[in-house]
There are 2 protein chains.
Amino acid sequence: MGGFAGLPGSTAAMPAEVSYYKRMLDDIRARIASGEWPPGRRIPPTRDLLAMYGESFGVRSASTVRRVVEVLIETGELRGHQGVGVYVAGDATE
Amino acid sequence: MGGFAGLPGSTAAMPAEVSYYKRMLDDIRARIASGEWPPGRRIPPTRDLLAMYGESFGVRSASTVRRVVEVLIETGELRGHQGVGVYVAGDATE
DNA sequence: CTGGATTTGTACGTATGTATT
DNA sequence: CAATACATACGTACAAATCCA
């Protein structure tokens, strides 16, 4: 099945590929750091993140997106609320 | 496929089950905190962790074990070295 | 030096449970 | 009750690095 073989979505001669995982992790962290997604803001649901990173990076699996979000929840950078959404941490109303 | 439905490996009437994920996370952290796995020590490979947590908790999937290790690597508690092993962080020789 | 075994790393897939709206 | 969305678990495939006979 899967594998990622040089990372699909990028052209042939591209050395030192960065994984989807790390790219998404960095991207979300950058959006938080830049203030685009401020503390307390709800981030897009998994489905929308998949659409986003599907276009920009070529990610095809929701489970890959989810693993990134899970890690950011564990590190305390995000907060998940089942049935509701995932929020940027650091807000006063926590 | 899977699902976990009340967590297999535990008897019927057991409320507020804790997930395999959290139990493994806590267990590894406890081993580190207790000094059983001191800084610099290599932890058992995924295969062995699966055998361990398969017996104690009923975990059946290597991918579940891996996710826990990935999180602990991201939090900086462990350090992974591809082809070699995963080590407890905090050692001088890092 | 070479090739197999070991082990971590990454990606995708699927099923199901639980909480909220 | 249905739809939405997060949470957890298991499974599969392959890549990459290291080790060792």
Side-chain angles (χ1 to χ4, degrees), chain A residues 1-10 14-26 28 42-54 56-74 77-89, chain B residues 1-10 12 14-26 28 41-54 56-74 77-89:
Chain A
M1 209 175 293
F4 57 100
L7 288 199
S10 35
M14 232 182 134
E17 292 285 2
V18 178
S19 65
Y20 290 154
Y21 173 80
K22 286 190 177 55
R23 282 198 268 177
M24 288 190 280
L25 206 62
D26 287 348
I28 294 176
R42 179 186 174 189
I43 72 170
T46 306
R47 162 175 41 84
D48 293 0
L49 288 177
L50 175 57
M52 263 182 49
Y53 294 124
S56 52
F57 299 152
V59 179
R60 274 173 277 123
S61 168
S63 59
T64 303
V65 174
R66 267 299 297 175
R67 281 220 304 280
V68 174
V69 173
E70 283 168 23
V71 162
L72 291 170
I73 288 173
E74 186 62 33
E77 292 162 277
L78 297 177
R79 291 178 183 276
H81 295 287
Q82 193 169 359
V84 185
V86 176
Y87 295 77
V88 178
Chain B
M1 205 176 292
F4 57 99
L7 288 198
S10 36
M14 233 182 132
E17 293 285 359
V18 177
S19 66
Y20 290 153
Y21 171 80
K22 287 190 177 55
R23 282 198 267 177
M24 286 190 282
L25 206 62
D26 288 348
I28 293 175
R41 165 75 59 85
R42 180 186 174 189
I43 73 169
T46 306
R47 163 175 43 84
D48 293 0
L49 289 177
L50 175 57
M52 264 181 49
Y53 294 124
S56 52
F57 299 152
V59 179
R60 273 174 270 122
S61 168
S63 58
T64 302
V65 174
R66 267 298 298 176
R67 281 219 304 278
V68 174
V69 173
E70 282 167 25
V71 163
L72 290 171
I73 288 174
E74 186 61 33
E77 292 161 277
L78 296 177
R79 291 178 183 276
H81 296 287
Q82 192 169 358
V84 185
V86 176
Y87 295 77
V88 178

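Just so it is clear: chains get the letters A, B, ... in the order the sequence lines come, proteins before strands, and each one is counted from 1.
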*If each of A:Gly83 and A:Ser63 is mapped to the nucleotide of DNA chain D with the nearest heavy atom, which maps nearer the 5' terminus, i.e. the 5' end?*
A:Gly83
*Given atom CD of A:Glu17 and atom P of D:dA17, what is their separation to the nearest angstrom?*
13 Å
*asked:* Measuring only between side-chain heavy atoms, which start at C-beta, is B:Glu70 closer than 4.5 Å to A:Val71?
replied: no
*Length of the line joining A:Tyr20:OH and D:dC14:P, which is rounded to integer Å*: 17 Å
*asked:* By nearest atom, which of the nucleotides D:dT8, C:dA11, D:dC6 is closest to the A:Glu70 side chain?
replied: D:dT8
*Could you grab the distance from atom CD1 of B:Ile43 to atom CD of B:Glu77, nearest 0.5 Å is fine?*
11.0 Å
*Could you tell me whether the phosphate oxygens of C:dA11, OP1 or OP2, come under 4.0 Å of any side-chain nitrogen or oxygen in A:Arg60?*
no
*Select base, sugar-phosphate, or nothing to describe what A:Val59 touches, counting heavy atoms under 4.0 Å on all strands.*
sugar-phosphate
*If you check the B:Val84 side chain, which of D:dT18, C:dG17, D:dA9 turns out closest?*
D:dT18
*Rounded to the nearest 0.5 Å, how far does CZ of B:Arg66 lie from CD1 of B:Ile73?*
5.5 Å
*Between D:dC10, D:dC6, C:dT8, which nucleotide has the shortest distance from any of its atoms to the side chain of B:Gln82?*
C:dT8
*Using a cut-off of 4.0 Å on non-hydrogen atoms, how would the nucleic acid contact of A:Thr64 be classed: base, sugar-phosphate, or nothing?*
base
_Atom pair distance, as rounded to whole Å: OH in A:Tyr21 and C1' in C:dC12_ = 16 Å
*asked:* By nearest atom, which of the nucleotides C:dG9, D:dC6, C:dC12 is closest to the A:Lys22 side chain?
replied: C:dG9
*For the pair made of CG in A:Leu78 and P in D:dA7, what is the distance, rounded to whole Å?*
10 Å
*Could you state the CZ-P distance from B:Arg67 to D:dT12, rounded to the nearest angstrom?*
15 Å
_Rounded distance (nearest 0.5 Å) linking atom CD of B:Glu74 with atom CD of A:Glu74_ = 10.5 Å
_Distance, rounded to the nearest Å, where A:Leu25 contributes CG and C:dG9 contributes C1'_ = 14 Å
*Reckon A:Thr46 has a side-chain N or O less than 4.0 Å from the OP1 or OP2 of D:dC6?*
yes
*asked:* At 4.0 Å (heavy atoms only), tell me whether A:Leu50 reaches a base, stays on the sugar-phosphate, or touches nothing.
replied: nothing
*Nearest 0.5 Å please: distance from the CG atom of A:Asp26 over to the OH atom of A:Tyr21.*
10.0 Å
_Rounded to whole Å, how long is the line connecting atom NE2 of B:His81 with atom P of D:dA16?_
20 Å
*asked:* Starting the side chain at C-beta, find the nucleotide from D:dT8, C:dG9, D:dC10 nearest to B:Ile73.
replied: C:dG9
*Approximate separation, where rounding is to 0.5 Å, of B:Arg67 CZ and B:Ser61 OG*: 8.0 Å
*For A:Arg66 and C:dT10, what is the distance between atoms CZ and P respectively, to the nearest whole Å?*
18 Å
*At under 4.0 Å between heavy atoms, what does B:Leu49 touch on the DNA or RNA strands: base, sugar-phosphate, or nothing?*
nothing
*Relative to the 5' end of DNA chain D, which residue comes earlier, A:Val86 or B:Met24, by the nucleotide with the nearest heavy atom?*
A:Val86
